[in-house]
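Report on the following structure.
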Amino acid sequence: MKKIEGQLVATGMKIGVVASRFNDFIVDHLVNGAEDCFVRHGGNTDDITLVLVPGAFEIPLTAEKMAASGKYDAIVCLGAVIRGATPHFDMVANESAKGIAMAAFKTGVPVLNGILTTDSIEQAVERAGTKAGNKGADAMISAIEMVNLNKSL
């Protein structure tokens, strides 16, 4: 059996990051985690383009435009949707996830979902670099692996 697997080497990659300004006290930590991960795996911080959008709902459109541009090897989407007292959370969480998946399918470029969807601010903080690691770094590591995997196929 032949096994193909992506490597975790970011050298020479161009990565787009789309990040939400809403809940920036959390999202900023995700962005920093993604950047740190990219550099730790041999990438150059100058090869990351960060685009800020108002909220998580706006991330998919921007991610798709970036992926379709041909300028980036992968797009990493970062945001934080924290449950409130209304059903707005469900709509934003579901539609942003669906839009990110559609952007990847439509363009053939890896578009990674690093949007936190949590029940509380405490859960978001845990996933932005404390108890549960940094989900921005997790999304970036998946992006690096997927770029290398796609090159092998």
Please say whether more than 12 non-hydrogen atoms of neighbouring residues, nucleotides or ligands are located less than 6.0 Å from [atom1] in [X].
X: Leu50; atom1: CG; value: yes
X: Lys71; atom1: NZ; value: no
X: Glu95; atom1: CD; value: yes
X: Met91; atom1: CE; value: yes

[X] and [Y]: which non-hydrogen atoms are nearest, and at how many Å?
X: Ala74; Y: Val147; value: CB-CG2, 3.6 Å
X: His29; Y: Asn134; value: O-ND2, 2.9 Å
X: Ser120; Y: Ile82; value: C-CG2, 3.7 Å
X: Ala137; Y: Cys37; value: O-SG, 3.6 Å
X: Leu112; Y: Ser142; value: CD1-CB, 3.8 Å
X: Cys77; Y: Ala63; value: SG-CB, 3.7 Å

Is there a side-chain contact between [X] and [Y], using heavy atoms and a 4.5 Å cut-off?
X: Asp90; Y: Arg83; answer: yes
X: Val17; Y: Val51; answer: no
X: Asn44; Y: Val39; answer: no

### Query
Passes side chain to side chain contact (heavy atoms under 4.5 Å, CB included), Leu149 versus Glu5? Steps please.
CA-CA 6 Å; Leu149 177 63; Glu5 185 174 25; 5.5 Å; no
Please answer whether the main-chain N or O of [Y] pairs with a side-chain N or O of [X] as donor and acceptor at a distance below 3.5 Å.
X: Asn148; Y: Ile144; answer: yes
X: Asp24; Y: Val27; answer: no
X: Asn23; Y: Ala80; answer: yes

Should [X] and [Y] be regarded as members of a common hydrophobic cluster, given that ILVMFWY residues are connected when their side-chain heavy atoms come within less than 4.5 Å of each other, either directly or indirectly?
X: Met13; Y: Leu78; value: yes
X: Phe57; Y: Ile75; value: yes
X: Leu30; Y: Ile121; value: yes
X: Val111; Y: Val53; value: yes
X: Ile100; Y: Val92; value: yes

### Query
Can you list the steps and then say if Phe38 with Ile141 is a side chain to side chain contact (heavy atoms under 4.5 Å, CB included)?
CA-CA 7 Å; Phe38 187 69; Ile141 206 146; over 6 Å; no
To the nearest 0.5 Å, how far apart are [atom1] in [X] and [atom2] in [Y]?
X: Asp28; Y: Arg21; atom1: CG; atom2: CZ; result: 11.5 Å
X: Ile26; Y: Glu126; atom1: CD1; atom2: CD; result: 10.0 Å
X: Asn94; Y: Phe89; atom1: CG; atom2: CZ; result: 8.5 Å
X: Ile15; Y: Thr49; atom1: CD1; atom2: OG1; result: 10.0 Å
X: Leu61; Y: Ser96; atom1: CG; atom2: OG; result: 13.0 Å
X: Glu64; Y: Thr107; atom1: CD; atom2: OG1; result: 7.0 Å

### Task
Start with the C-alpha gap between Ile59 and Ile115, add the side-chain angles, then the distance that decides, and say whether side chain to side chain contact (heavy atoms under 4.5 Å, CB included) holds.
CA-CA 9 Å; Ile59 289 173; Ile115 299 175; 3.7 Å; yes
### Query
Stepwise, does the salt bridge (charged side-chain N to carboxylate O under 4.0 Å, His left out) test hold for Lys135 with Asp138?
CA-CA 5 Å; Lys135 299 307 176 189; Asp138 291 351; 3.4 Å; yes
### Query
Taking it one step at a time, do Asp73 and Lys14 satisfy salt bridge (charged side-chain N to carboxylate O under 4.0 Å, His left out)?
CA-CA 5 Å; Asp73 297 304; Lys14 303 286 187 196; over 6 Å; no
### Query
What do the steps show when you test Thr118 against Arg127 for side chain to side chain contact (heavy atoms under 4.5 Å, CB included), and what is the final call?
CA-CA 9 Å; Thr118 64; Arg127 288 158 180 76; 4.0 Å; yes
### Query
Between the side chains of Thr45 and Glu35, is a donor N or O closer than 3.5 angstrom to an acceptor N or O?
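There is such a pair between these side chains.
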